[in-house]
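One structure below.
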Amino acid sequence: MSMSEYVVELPILDISQPLQPSSLTSLSKACKDWGFFHIINHGISKDLCSQIHYLSKYLFSLPSEAKLKLGPFSSIKSYTPHFIASPFFESLRINGPNFYASAKSSEDILFDKQTSKFSETLQEYCSKMVDLSERILKLVLMSLEDGFEKLFYDSEFNKCHGYLRINNYSAPESFEDQVEGLGMHTDMSCITILYQDEIGGLQVRSHEGKWIDISPSEGTLVVNIGDMMQAWSNDKLRSSEHRVVLKQSVSRFSLAFFWCFEDEKVVLAPDEVVGDGNKRLYNPFVCSEYLKFRENNQRGRFEKVGYTVKDFAGIKSNL
Ligand SMILES: O=C(O)CCC(=O)C(=O)O
Ligand SMILES: [Fe+2]
């Protein structure tokens, strides 16, 4: 077996300029095979990411009692403490469309009304993410077939909304080589845009079940396809299982922006997307029903996610 079987070259799209046909071809292949690709020249400065990292570090360093005022059993529910996703993972959620207001309601509870740039900074980051999500989604549609972005963006994706998860991974002390910071899962979004710090540890699962590193690279953001797009595209786009592994004594930080269909959306691949003579692989389903399904299957289990959109809405005779 040669080493090359373990290495994957994901395309790096320069999204500051129109994509060349060859870039569209590699985008289309990456979305089908891996559901992951990279973007550069995206307009998110290193400084903005460092600022959020710095402000978040302070936030996560607060005592648990303070953080637990933000959830999961409080009315605001923006905080996910350790031992829900994994012993090493905690996160804060910022909801759109008014990201400022969402960040501010967490900030006011945590920071005792003292002024910080937390909400302003997150508003800036998230509004840029909204803009990026729209542009990237159009490129993904275009990669399915030229013209699909015009045919489907406004009719199918105009009510999409976004939310950000600020992910903080604490350093494992254990002497095992690999500890899961976030177990294997698929994202429930249409697409996810991820900033990861320089530590690494994000891995995507190949069709054969091998874990492949998605290494960080400065100035690069990771984009991945979520379950909603997998179902909507009738499996022409892949929502891959991925996870985060941690190194001993090293903490890690990431920002995951999820761009999603509205809750009441009925997800159904259009005929043009399924294509003549192809079988439809999913029954239509309401977005919020799938979110509920995942929540119920996930609660209290941090080792594995076992259930995806295939289990929920996949047409059984095709499985
Ligand atoms: O922290 C990361 O790099 C990945 C996070 C992730 O997959 C998620 O939040 O869904
Ligand atoms: Fe994820």
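Computed from a prediction, not measured in an experiment: that's the story for all the values here. Counting starts at 1 for both ligands and their atoms, following the listed order.
- Environment of NZ in K32: sparse, with no more than 12 heavy atoms of neighbouring residues, nucleotides or ligands closer than 6.0 Å.
- Residue contacts with ligand 1, taken as heavy atom pairs separated by less than 4.0 Å, do not involve T192 at all.
- Atoms of ligand 1 lying under 4.0 Å from any heavy atom of H242, numbered from 1 in the order shown and given with element: 7 (O).
- Here is the list of ligand 1 atoms found below 4.0 Å of a heavy atom in A256: 9 (O).
- At least one heavy atom of R252 sits under 4.0 Å from some atom of ligand 1.
- Ion pairing between K138 and E149 fails under the 4.0 Å rule for side-chain N and carboxylate O.
- Each of the following atoms of ligand 1 lies closer than 4.0 Å to a heavy atom of F258: 8 (C), 9 (O), 10 (O).
- Contacts with ligand 1 closer than 4.0 Å are made by no heavy atom of V222, backbone or side chain.
- If you run side-chain contact (heavy atoms from CB on, under 4.5 Å) between H42 and each of I193, D131, L221, T220, only L221 comes through.
- Side chains of N224 and D187: a donor on one and an acceptor on the other come within 3.5 Å.
- For the pair K67 and Y79, the cation-pi criterion (under 6.0 Å, within 45° of the ring axis) is not fulfilled.
- For the pair K69 and E65, the salt-bridge criterion is not met [side-chain N within less than 4.0 Å of a carboxylate O].
- Here the angle at the Fe ion (ligand 2) defined by OD1 in D187 and NE2 in H185 stands at 90°, rounded to 10 degrees.
- The name of the N, O or S atom in H242 nearest to the Fe ion (ligand 2) is NE2.
- The N/O atoms of R165, backbone and side chain alike, include one that comes under 3.5 Å of an N/O atom in ligand 1.
- Taking a cutoff of 4.0 Å between a charged side-chain nitrogen and a carboxylate oxygen, D271 and R280 qualify as a salt bridge.
- Using a 4.0 Å cut-off to heavy atoms of Y169, the atoms of ligand 1 that qualify are 1 (O), 2 (C), 4 (C), 5 (C).
- Taking every non-hydrogen atom of V244 and a distance limit under 4.0 Å, the qualifying atoms of ligand 1 come out as 1 (O), 2 (C), 3 (O), 4 (C).
- Looking at L194 and L255, their side chains never come closer than 4.5 Å, going by heavy atoms from C-beta outward.
- Distance from atom 6 (C) of ligand 1 to its nearest protein heavy atom, with residue and atom name: L182 CD2, 3.6 Å.
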